[in-house]
Amino acid sequence: MVFAGSVFAAVDIGASSGRVILGRMAGGAAGSERSVELEVVHRFPNGVVEVDGGLRWDFDALFAEVLKGLAAAATVAAAQGEQVTSIGIDTWAVDYGLVNKAGELVAQPFSYRDDRSRGAVEPVHRKLDPARLYGTTGLQFLQFNTIYQLASEPDLDGLQALLIPDLIAFLLTGQRRTEATNASTTGLFDAVAGEWATEFLSALGLRKDLFPPLIQPGETVGTLLPEISAQVGLPQDTRVVAVGSHDTASAVAAVPAAADDGGENFAYISSGTWSLVGLELKHPVLTEASREANFTNERGVDGTIRYLRNMGGLWLLSECQRTWAQEGFRPELTALLTAAAALPPGGPQINPDDSYFIAPDNMPERIRAAVRRTGEVLPDDPAAITRCIMDSLATGYARTIRDAERLADRTVDVVHVVGGGSQNRLLCQLTADVTGKKVVAGPVEATALGNVLVQARAAGAASGGLAELRALVVQSHNLQVFVPELSRL
């Protein structure tokens with residue numbers, strides 16, 4: 001069945017940029033295959049700003065860009081005789097805004113890159129043993145997890161915490177909800193029960209209603225407020241639908257894993273500012289060995305478990321490019337990667353997960369300093385530094401996939417790389433070389449695709465489970481395949 005004239009607006013915001021994208025379901029007539037098409041209607045930058053010595057998000061500016069994007073979506077859809085059926089929102093995880101009883105945001109939200117939560121880790125662990133935390137939440141320890149951020153707050157009296165996509169949805173609809181895939185990143189979510197771990201909230205002196213009630217992907221948050229409807233030019237009955245609001249949950253939902261190409265036996269790498277590397281499971285892995293390996297069990301679309309490790313990512317390279325640009329050197333990325341690929345294998349590597357690399361600063365010098373601490377020397381050359389980053393990421397990917405296979409008792413046949421890193425041919429080839437597995441790269445816009453597909457299914461424009469949704473992705477995109485080249489090892 002063709003749902004002519006219906007389109008879906010995906011608000012997709014990462015740590016460095018955001019987009020509003022229109023998704024259309026195409027085909028399905030006269031034997032043609034169904035597919036999903038995307039059109040970016042608005043792009044905007046995002047980033048942290050320093051306020052009173054702390055790193056925060058300029059949320060007011062961010063929300064203004066969301067409204068511009070939705071207005072652009074309304075205009076583009078109307079020009080083509082279409083109507084925006086619903087809106088879905090995904091962003092990065094763990095960060096939140098504090099809203100008072102009047103619905104006002106009391107301050108610009110802190111960024112996970114701020115160091116304030118470091119001092120809260122030990123006090124939290126005195127009240128809640130890390131083994132007990134992991135046995136319930138299954139969450140990887142990261143010093144910026146929501147649980148530690150909340151423990152850093154001086155006063156939460158009369159306030160409610162809304163994770164960033166839920167905060168955007170609240171300002172659009174007036175409805176307060178917490179989408180489950182993002183809730184699972186807080187350190188306050190029961191991985192087995194799929195509910196808030198209220199005993200942890202109580203142990204930390206936090207109210208049980210600190211977060212709004214949970215909502216699942218595909219459920220309706222609400223419809224647009226009258227003033228929002230008037231501002232963006234969309235009907236007031238336009239629904240805001242919960243999707244995998246943690247961007248990785250949406251990205252994994254759109255991994256193009258076909259049943260005849262590994263089926264369930266795939267690993268994924270959602271490669272962008274961060275790298276999310278892991279497996280899709282039906283049940284969490286809550287063993288002590290899993291905790292010691294620092295793997296996380298986060299909720300996915302349709303109740304799946306994203307069993308993964310959060311690794312360093314292309315933030316390393318983008319920060320290097322920013323520093324080089326400040327120094328007057330602006331190499332084109334393709335040329336930089338080509339020069340890096342021409343260098344011989346076996347060069348120095350770093351640990352891309354080291355917290356040393358979290359905050360923005362002179363990244364090339366930080367990387368060279370980290371190499372010096374290993375007793376090796378890295379030239380002050382952009383190509384050499386780029387190759388070090390690519391080799392280090394690929395090695396980390398391979399190690400993480402091997403650990404996931406062992407801990408989950410699974411064997412991986414194929415590795416899917418989605419997100420911006422899927423366009424990085426050097427990184428994809430090195431990943432194939434080091435893992436010894438076939439790598440399938442694409443789609444780039446996996447997060448937006450997962451967002452749109454969940455909306456489309458909620459509207460009846462798509463049907464089935466994740467396998468059927470993923471089949472639409474396979475039919476919609478040309479994917480690149482990389483096989484191991486032993487000569488490069």
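Just so it is clear, the structure is predicted and the values come from calculations on it, not from any experiment. For reference, positions follow the sequence shown, starting with 1.
- In this structure, Pro109 and Asp95 have side chains that are not in contact, with every pair of non-hydrogen atoms separated by 4.5 Å or more.
- Other residues, nucleotides and ligands place no more than 12 heavy atoms under 6.0 Å from the CD atom of Glu122.
- Using a 4.5 Å heavy-atom threshold, the side chains of Asp90 and Pro165 count as separate.
- Rounding to the nearest 0.5 angstrom, the gap separating the CD1 atom in Ile385 from the CE atom in Met390 is 12.0 Å.
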Please determine whether side-chain contact (heavy atoms from CB on, under 4.5 Å) holds for the pair Asn145 and Leu139, giving the CA-CA distance in whole Å, both sets of side-chain angles, and the decisive distance to 0.1 Å. CA-CA 9 Å; Asn145 285 342; Leu139 193 68; 3.6 Å; yes
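- With values rounded to the nearest 0.5 angstrom, Thr431 atom OG1 is found 10.0 Å from Asp391 atom CG.
- Looking at Ser35, its side chain never comes within 3.5 Å of a backbone N or O of Ser476 through a donor-acceptor pair.
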What side-chain donor-acceptor pairs closer than 3.5 Å can you find for residues 307-315, not counting sequence neighbours?
| residue | atom | partner | partner atom | Å |
| --- | --- | --- | --- | --- |
| Tyr307 | OH | Ser290 | OG | 2.7 |
| Arg309 | NE | Ala293 | O | 3.2 |
| Arg309 | NH1 | Thr400 | OG1 | 3.1 |
| Arg309 | NH2 | Ala293 | O | 2.6 |
| Arg309 | NH2 | Asp403 | OD2 | 3.3 |
| Trp315 | NE1 | Phe357 | O | 2.9 |

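- Contact record, Arg387 with Ala340: NH1-O, 3.0 Å, taken as the closest heavy-atom pair.
- Between the side chain of Asn351 and the main chain of Asp353, a donor-acceptor pair closer than 3.5 Å is present.
- Counting heavy atoms of neighbouring residues, nucleotides and ligands inside a 6.0 Å radius, atom CZ of Arg425 does not exceed 12 of them.
- Of the possible polar contacts, none joining the Thr386 side chain to the Leu336 backbone as a donor-acceptor pair under 3.5 Å is found.
- Contact between Thr178 and Ala183 at its shortest, heavy atoms only, is CG2-CB, 3.9 Å.
- In this structure a side-chain-to-backbone donor-acceptor pair under 3.5 Å is present from Gln108 to Asp60.
- A salt bridge links Arg372 with Glu365: the closest approach of a Lys/Arg side-chain nitrogen to an acidic carboxylate oxygen falls below 4.0 angstrom.
- We find the CG-CG distance between Leu337 and Asn424 to be 4.5 Å, quoted to the nearest 0.5 Å.
- For Cys388 against Pro348, the heavy-atom pair with the smallest separation is SG-O, 3.4 Å.
- Two residues are said to be in side-chain contact when any heavy atoms from C-beta on lie closer than 4.5 Å; Ile269 and Ser422 fail this criterion.
- Residues Val415 and Lys438 fail the side-chain proximity criterion, which asks for heavy atoms closer than 4.5 Å.
- One N or O on the side chain of Ser117 and one on the backbone of Gln143 form a donor-acceptor pair closer than 3.5 Å.
- Within the 3.5 Å criterion, the main-chain N or O of Leu378 finds a donor-acceptor partner in the side chain of Arg368.
- Closest of all the heavy-atom pairs between Ala249 and Arg299 is CB-O, 4.1 Å.
- Residues that satisfy the side-chain contact (heavy atoms from CB on, under 4.5 Å) test with Val76, not counting sequence neighbours, are Leu22, Arg24, Glu39, Val41, Gln80.
- Note on ring orientation: taking the six-membered ring where Trp is involved, the planes of Phe59 and Phe63 are parallel (angle under 30°, cut-offs 30° and 60°).
- For the residue pair Thr146/Tyr96, the side-chain donor-acceptor check at 3.5 Å is not satisfied.
- Counting only N and O atoms by type, the side chains of Glu298 and Thr248 include no donor and acceptor under 3.5 Å apart.
- The main-chain N or O of Val371 is found under 3.5 Å from a side-chain atom of Thr374 such that the two form a donor-acceptor pair.
- Here the shortest heavy-atom pairing between Gln140 and Thr296 reads N-OG1, 2.9 Å.
- Cation-pi geometry between Arg366 and Tyr356 is satisfied (NZ or CZ under 6.0 Å from the ring centre, within 45° of the ring normal).
- Checked options Arg322, Glu327, Gln326; the residue passing with Trp324 is Glu327 (criterion: side chain to side chain contact (heavy atoms under 4.5 Å, CB included)).
- Although no hydrogens or angles enter the test, the distance criterion places a donor-acceptor pair under 3.5 Å between the side chain of Glu179 and the main chain of Thr181.
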Under the side-chain contact (heavy atoms from CB on, under 4.5 Å) rule, what do Leu62 and Ile13 come out as? Steps first, then yes or no, please. CA-CA 9 Å; Leu62 195 65; Ile13 309 175; 4.0 Å; yes
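- Of all the heavy atoms in Arg306 and Val252, the pair that sits closest is CD-CG2, 4.0 Å.
- At a threshold of 4.5 Å between non-hydrogen side-chain atoms, the residues Asn451 and Asp247 do not count as touching.
- Panel note: side chain Arg457, backbone Gly464; a donor-acceptor pair is recorded below 3.5 Å.
- Between the Arg19 side chain and the Arg43 main chain, no donor and acceptor come within less than 3.5 Å of each other.
- Proximity of Lys127 to Phe200: side-chain heavy atoms (C-beta onward) are nowhere separated by under 4.5 Å.
- Heavy-atom neighbours of Asp409 CG from other residues, nucleotides or ligands within 6.0 Å: at or below the threshold of 12.
- The distance from atom CG of Leu407 to atom CD of Glu292, rounded to the nearest 0.5 Å, is 10.0 Å.
- Here CG of Asn46 is found 9.0 Å from OG of Ser111. Values are rounded to the nearest 0.5 Å.
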Using the rule given for side-chain contact (heavy atoms from CB on, under 4.5 Å), can you reason through Ile147 versus Thr186, listing the C-alpha separation, both sets of side-chain angles and the distance that settles it, and then say yes or no? CA-CA 6 Å; Ile147 187 172; Thr186 61; over 6 Å; no
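- A ring pair (Phe, Tyr, Trp, His ring centres under 6.0 Å) with Tyr148 holds for exactly one of Phe141, Tyr112, Phe110; it is Phe141.
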